[in-house]
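Working notes, structure below.
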Amino acid sequence: MTAKTGGAARLGSNATVESLDRVRVDASEQPLTTNQGVPVSDNQNSLKAGLRGPSLLEDFILREKVTHFDHERIPERVVHARGSAAHGYFEAYGALRKYTRAAPFAEKGKITPVFARFSTVAGERGSKDTARDARGFAVKLYTDEGNWDLVGNNIPVFFIQDAMKFPDLVHAIKPEPHHGMPQAGSAHDTFWDFVSLMPESTHMLMWVMSDRGIPRSYRMMQGFGVHTFRLVNEQGESVFCKFHWKPLLGTHSLVWDEAVKIAGADPDFHRRDLWEAIESGEFPEWELGLQIFTEEEAESFSFDVLDSTKLIPEEMVPLTPVGRMVLNRNPDNFFAETEQVAFCTAHIIPGIDFSNDPLLAGRIHSYVDTQITRLGGANFHELPINTPLAPVQNNQRDGIHRQSLNRGRVAYEPNSLAGGCPFQAGTAGFVSFPENNTEDKVRGKPAKFAEHYAQATLFFNSQTAVEKAHIAAAFRFELSKVEVPAIRERMLSSLVNVSTELAAEVAAGLGMQVPAAMPKAIADAEPAEISVSPALSLTALPGERGIRTRQIAVLVEDGVHHAALADLHLALTNAGAVVHFVGPRVGLFTGSGEEIIEANKSLENAPGVLFDALVLPDGAEAVKALGSNIDTLDCIKDQFRHGKTILALGAGQALLEMAGIAAARDKVPGILLATGTDMIEIAPVFIEAIAAHRHPSRECDQPGK
């Protein structure tokens with residue numbers, strides 16, 4: 001026994017699946033070493049034959065350092081490359097033994113560690129956060145009976161019905177291969193050519209072109225398992241279910257102009273938002289709800305629950321809240337955790353099983369196969385972030401990057417030399433649901449899969465007027481980037497089947513006539529159960545009413561009235577907001593009473609689009625200086641155009657006039673005017689207005705209109 005070898009393994013133990021503490025490294029007060037533990041005397045200069053002589057090949061320290069650097073990158077994910085993640089836990093509200101034996105739902109208060117990753121889909125690893133796109137919402141639950149990966153999106157449906165089409169979809173949406181453009185965007189010919197020829201994509205298009213495609217924050221978006229799954233109880237009885245994550249903060253979005261400008265000012269906007277919220281102790285939380293239904297109920301629906309382009313309206317199958325997820329710790333190392341985490345749809349546990357969804361079937365294979373390429377072989381499960389907390393004992397051996405030191409000479413089963421161990425668990429282990437299947441092998445789709453428009457229409461009809469306008473604007477923007485007229489016309493003909501109102505709005509913006517409706521694959525589809533579902537609108541989930549973690553900009557210059565700003569700062573921070581003093585530059589400013597105010601951001605490095613609300617200060621001298629700065633006026637115009645709350649104090653009201661917002665004096669929603677002394681009265685009104693997130697009735701193309 002030595003300090004390196006240690007002792008014999010405890011019977012039945014596997015140290016590689018212990019807490020991440022086993023691999024955390026802290027170099028504080030430690031000398032620099034090579035990867036072999038050799039102390040390094042000089043890390044600034046390579047070894048040379050004389051001060052001006054040639055570098056020497058024997059410099060193993062240089063070679064190791066540069067070689068490791070040359071190999072630091074691994075292949076990025078084909079999709080979902082741009083992501084952010086955090087640790088946390090899932091807490092069950094109660095036992096679900098009636099429906100499932102799955103460990104996280106075994107008893108009330110049961111805590112299961114989780115690691116959740118949020119991502120865009122189309123963009124590369126270095127692309128922007130605020131692209132119009134679906135978002136990945138993947139959760140790895142480290143359960144008592146192994147890892148369960150619930151790998152979903154922020155949208156409950158998908159573009160295609162069968163995994164056979166997935167490579168085509170991704171090839172179409174990625175940058176066009178002849179010139180590599182556009183990055184992280186669907187506004188180009190190949191994508192719209194593909195989806196205009198695939199009517200089954202229409203429902204998903206409605207969601208992506210809606211405000212769901214540009215969320216305000218990862219903390220403010222829903223998550224969905226997309227597919228229909230099975231729950232299986234101890235008696236082997238099964239029901240179907242769909243998984244829904246609902247954010248405590250509600251569902252909120254960006255407007256398109258805002259998203260575009262944020263992409264230039266801070267392409268890490270969503271990543272920064274998640275990180276800073278957790279670091280400040282404002283832990284994001286989601287409630288997990290299940291739609292539980294029987295196979296008999298599923299057969300009665302007008303749509304097929306195995307079709308991933310369809311959802312089940314909550315009016316038909318209400319959500320059953322079963323627990324909550326709280327994210328309370330940021331990763332220690334982005335690469336080792338966020339980048340190397342491997343989510344696989346195939347990772348399920350006893351009590352959870354698959355349905356016959358043909359898109360799900362392909363994902364079960366594809367995700368595992370992808371991780372083998374990305375992470376260097378079949379042992380990706382041994383990377384610390386991927387290892388389960390449940391015991392791992394099997395006869396799988398060797399391969400690149402193997403971590404486990406399996407003792408003994410037996411690596412097969414059955415065996416007698418190891419006493420038959422590790423042994424089969426029998427009914428205590430994972431048992432697939434014994435679904436009866438007597439049908440012939442065919443390539444095709446069920447009849448209900450041929451209906452492509454009813455739920456797209458349901459989604460559009462369930463939106464508010466403002467949301468409908470945003471959908472039309474999104475289609476106009478995207479299709480205006482399409483250079484082939486036939487593709488535009490084909491897509492418009494498909495939209496006619498969704499809504500003639502929508503098709504007309506889009507056609508008008510493209511200077512086109514509304515074409516005839518695209519022929520439907522099925523003319524006599526079963527009538528839809530409902531025509532409107534309020535739950536499909538973002539406004540259905542306003543979340544907790546308050547301003548915790550909202551970012552507030554307070555403009556400052558020399559000569560501002562300090563007392564009012566100090567009182568307002570206190571009221572806002574007490575309400576949980578994050579207040580930033582923003583000046584034409586960073587640094588110190590002097591108030592009208594010689595008070596010192598420090599601006600931690602400038603109008604150059606933090607334009608108005610990065611904030612949820614704006615305060616214009618009192619003080620004639622300060623207002624005059626701010627009004628002469630074009631960045632100030634741009635900040636005010638953006639805040640106004642994007643429906644943000646603006647509070648103008650005293651002389652600061654003149655800044656609204658300078659920005660062309662003459663209508664501000666006509667009690668425009670979200671524009672608050674006050675003297676510089678009545679903070680006790682105005683602060684609660686300001687806070688309530690910010691809590692509304694934005695004021696959509698104020699949307700216009702130009703301030704003052």
Side-chain angles (χ1 to χ4, degrees), residues 122 132-134 155-161 165 168-169 172-173 185-214 253 256 303 307-311 313 449-523 525 527-528 530-533 536-538:
R132 189 193 306 281
D133 198 356
I155 291 173
V157 294
F158 202 61
F159 288 105
I160 52 176
Q161 298 170 325
K165 299 303 297 177
D168 302 296
L169 168 65
I173 200 170
S186 56
H188 56 103
D189 287 48
T190 58
F191 173 73
W192 288 98
D193 181 40
F194 175 78
V195 295
S196 68
L197 294 167
M198 295 284 294
E200 68 196 59
S201 300
T202 308
H203 189 197
M204 177 69 167
L205 287 173
M206 300 303 297
W207 284 79
V208 177
M209 294 299 111
S210 78
D211 292 340
R212 302 273 183 165
I214 40 176
S253 66
W256 176 240
F303 50 89
D307 179 355
S308 289
T309 69
K310 306 296 192 299
L311 54 77
F449 275 48
E451 199 295 302
H452 304 310
Y453 295 108
Q455 290 206 351
T457 299
L458 170 65
F459 179 80
F460 186 72
N461 290 343
S462 301
Q463 306 303 297
T464 64
V466 170
E467 289 173 309
K468 287 181 178 180
H470 289 174
I471 292 171
F475 273 108
R476 286 197 301 267
F477 174 85
E478 297 269 323
L479 292 175
S480 71
K481 297 287 188 177
V482 172
E483 298 178 356
V484 179
I487 297 175
R488 294 183 185 179
E489 184 168 359
R490 191 162 59 234
M491 195 63 236
L492 279 173
S493 71
S494 187
L495 292 181
V496 172
N497 288 324
V498 177
S499 164
T500 54
E501 169 196 350
L502 174 61
E505 286 282 333
V506 177
L510 298 174
M512 298 174 62
Q513 296 296 316
V514 178
M518 180 179 289
K520 296 181 179 180
I522 181 170
I530 59 174
S531 58
V532 175
S533 174
L536 298 180
S537 168
L538 278 175

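One-based numbering along the sequence shown. All figures in this text were calculated on a predicted structure; none of them were measured in a lab.
For the atom pair Phe303 CZ and Leu458 CG, the distance stands at 9.5 Å (nearest 0.5 Å). One distance of note links CD1 of Ile214 with NE2 of His470; it measures 8.0 Å at 0.5 Å rounding.
The minimum heavy-atom distance between Ser186 and Met209, with the atom names listed, is OG-CE, 4.3 Å. Among all heavy-atom pairs drawn from Ala503 and Leu492, the shortest one is O-CD2, 3.8 Å.
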Show the numbers, then the answer: is there a side chain to side chain contact (heavy atoms under 4.5 Å, CB included) between Leu536 and Trp207? CA-CA 10 Å; Leu536 298 180; Trp207 284 79; 3.8 Å; yes
Could you check Ser480 against Leu510 for side chain to side chain contact (heavy atoms under 4.5 Å, CB included), going step by step and ending with a plain yes or no? CA-CA 6 Å; Ser480 71; Leu510 298 174; 3.9 Å; yes
Candidate pair Met206 and Ile471, rule side chain to side chain contact (heavy atoms under 4.5 Å, CB included), full reasoning: CA-CA 7 Å; Met206 300 303 297; Ile471 292 171; 4.0 Å; yes
Go through Ser308 and Met204 one step at a time and tell me if the side chain to side chain contact (heavy atoms under 4.5 Å, CB included) criterion holds. CA-CA 10 Å; Ser308 289; Met204 177 69 167; over 6 Å; no
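There is no side-chain donor-acceptor pair under 3.5 Å between Gln463 and Ser210.
Two residues are said to be in side-chain contact when any heavy atoms from C-beta on lie closer than 4.5 Å; Leu205 and Val195 meet this criterion. Looking at Lys520 and His452, their side chains never come closer than 4.5 Å, going by heavy atoms from C-beta outward.
No donor-acceptor pair under 3.5 Å is formed between the side chain of Asp211 and the backbone N or O of Glu467. Although no hydrogens or angles enter the test, the distance criterion places no donor-acceptor pair under 3.5 Å between the side chain of Glu483 and the main chain of Asp189. Judged purely by atom type and a 3.5 angstrom limit, Lys165 has no side-chain atom pairing as donor or acceptor with the backbone of Phe159. Thr457 places a side-chain N or O within donor-acceptor distance of the main-chain N or O of Val498, the cut-off being under 3.5 Å. Counting only distance, with no hydrogens or angles, the side chain of Arg488 and the backbone of Val482 share a donor-acceptor pair below 3.5 Å. Although no hydrogens or angles enter the test, the distance criterion places no donor-acceptor pair under 3.5 Å between the side chain of Glu505 and the main chain of Ala472. Between the Ser196 side chain and the Met491 main chain, no donor and acceptor come within less than 3.5 Å of each other.
Screening residues 475-503 for ring pair (Phe, Tyr, Trp, His ring centres under 6.0 Å) gives Trp192-Phe475, Trp256-Phe477 as the qualifying pairs, with residues at least two apart or on separate chains.
Among Asp307, Leu311, Thr202, the single residue meeting the side-chain contact (heavy atoms from CB on, under 4.5 Å) criterion with Gln455 is Leu311.
Under the 30°/60° scheme for interplanar angles, the aromatic rings of Phe191 and His188 are found to be tilted.
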